Amino acid sequence: MTQLSEMSEREYFAHIGHRPGMFVGKASFSMLAAFLTGYDQHAVRHGGPGLTGWHEWLVARRGRHCNHAWPGQVLHIALPDGWDDASHLPPEDEKRAIKVLFQLLDEFAAEREAGSDAEDDEPDELATVPQSREET
C-alpha cells in the first residue's frame with residue numbers, strides 16, 4: 001500500500017472516502033467537513049494548494065451561488081430537497097452527503113491534476129522568444 005505521504009491529493013481523498021471512520025471516528029458529513037477544513041488550512045499554511053478553488057468549483061458545478069460555505073454547497077448538490085440541520089442529518093441523507101462529497105472531491109482533484117498536467121505539457125513560450133538587447 002502507498003504511504004499517505006506519497007499519495008497524490010486525489011488518491012488521498014479516495015483513501016479517506018473508502019474508510020472515513022479511520023480519520024474522523026464516527027463518519028459524519030460534519031466531521032468530514034471539519035477534517036477537510038483542517039487539511040486545507042494545514043496545506044495552505046505549508047505552501048500546498050489545499051482546497052483552493054474548491055468553493056468556486058462547487059458553485060460553478062451547482063450553477064448557483066448562495067451564502068453557504070463549501071459544506072453547504074456540497075449539501076445543496078447531494079440533497080437538492082434541502083436539509084434541516086447539517087450536523088444532525090438523517091442516516092440516509094448522511095450516507096448520500098458523504099458519498100457525494102467524495103465523488104465531487106474526486107472530480108475536483110481530477111480536473112486540477114489534468115490542468116496541472118496540461119500546464120506541464122505546454123511549451124515554455126519564453127524559451128522560444130529570441131532574447132536580444134540592442135544598445136542605443
Side-chain angles (χ1 to χ4, degrees):
M1 181 174 98
T2 306
Q3 295 293 317
L4 293 177
S5 61
E6 296 173 4
M7 292 180 179
S8 70
E9 203 165 39
R10 187 175 181 197
E11 291 170 324
Y12 181 68
F13 293 149
H15 186 73
I16 296 167
H18 289 302
R19 299 196 56 196
M22 286 180 55
F23 294 88
V24 297
K26 181 182 182 288
S28 72
F29 180 80
S30 60
M31 290 297 291
L32 288 162
F35 176 86
L36 290 168
T37 298
Y39 167 85
D40 175 53
Q41 293 299 303
H42 179 271
V44 170
R45 284 182 46 91
H46 295 280
L51 296 174
T52 301
W54 170 235
H55 180 266
E56 295 79 9
W57 184 89
L58 288 166
V59 169
R61 174 78 159 61
R62 182 174 171 235
R64 268 179 79 184
H65 183 70
C66 70
N67 291 334
H68 288 128
W70 72 258
Q73 298 295 333
V74 171
L75 289 176
H76 278 300
I77 294 168
L79 308 171
D81 293 332
W83 65 94
D84 292 324
D85 181 355
S87 62
H88 295 97
L89 294 171
E92 62 278 358
D93 287 353
E94 191 83 60
K95 286 181 183 177
R96 171 124 179 94
I98 292 169
K99 179 181 177 183
V100 170
L101 168 63
F102 285 100
Q103 288 173 339
L104 292 168
L105 273 170
D106 185 63
E107 289 178 36
F108 173 72
E111 286 182 24
R112 189 150 67 176
E113 281 180 6
S116 168
D117 290 345
E119 289 173 9
D120 292 343
D121 292 343
E122 290 178 8
D124 183 0
E125 292 178 17
L126 293 177
T128 60
V129 174
Q131 300 293 319
S132 65
R133 294 183 183 209
E134 294 181 9
E135 294 182 20
T136 57

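Index from 1, following the sequence. Just so it is clear, the structure is predicted and the values come from calculations on it, not from any experiment. The figures that follow rest on heavy atoms only: side chains count, while hydrogens, waters and symmetry mates do not.
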- Please confirm whether the backbone N or O of G38 pairs with a side-chain atom of Q41, one donor and one acceptor, at under 3.5 Å? no

- Task: Kindly say whether I77 contributes a backbone atom to a donor-acceptor pair with the side chain of R62 at under 3.5 angstrom?
- Result: no

Within this structure, what is the [atom1]-[atom2] distance for the pair [X] and [Y], rounded to the nearest 0.5 Å?
X	Y	atom1	atom2	value
R61	Q73	CZ	CD	12.0 Å
L79	L89	CG	CG	6.5 Å
H15	F102	NE2	CZ	11.0 Å
H76	H68	NE2	NE2	4.5 Å
R45	D40	CZ	CG	12.0 Å
D93	I98	CG	CD1	11.0 Å

Looking at every heavy atom in both [X] and [Y], which two are closest together, and how far apart are they?
X	Y	value
R10	A109	CB-CB, 3.7 Å
L4	F23	CD1-CE2, 4.3 Å
V74	A97	CG1-O, 4.3 Å
S30	E94	N-OE2, 4.3 Å

- Test log, rule side-chain contact (heavy atoms from CB on, under 4.5 Å), inputs M31 and K26: CA-CA 8 Å; M31 290 297 291; K26 181 182 182 288; over 6 Å; no

Are any of the side-chain heavy atoms of [X] and [Y] separated by less than 4.5 Å?
X	Y	result
V59	R64	no
L105	L36	yes
L32	I16	yes
Q103	D106	no
L104	F108	no
P49	E9	yes

- Just jot down the side chain to side chain donor-acceptor pair (under 3.5 Å) partners of E56, sequence neighbours excluded, or say none. none

- What residues, two or more places apart in sequence or in another chain, satisfy side chain to side chain donor-acceptor pair (under 3.5 Å) together with W57? E111

- Single-linkage hydrophobic cluster F35~V44, side-chain heavy atoms < 4.5 angstrom: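 Shared cluster, no.
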
- Item | Whether over 12 other heavy atoms sit under 6.0 Å from D85 CG |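 Correct, the count exceeds 12.
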
- Message: Looking only at the aromatic ring of each residue, does the gap between the centers of F13 and Y39 stay below 6.0 angstrom?
- Response: yes

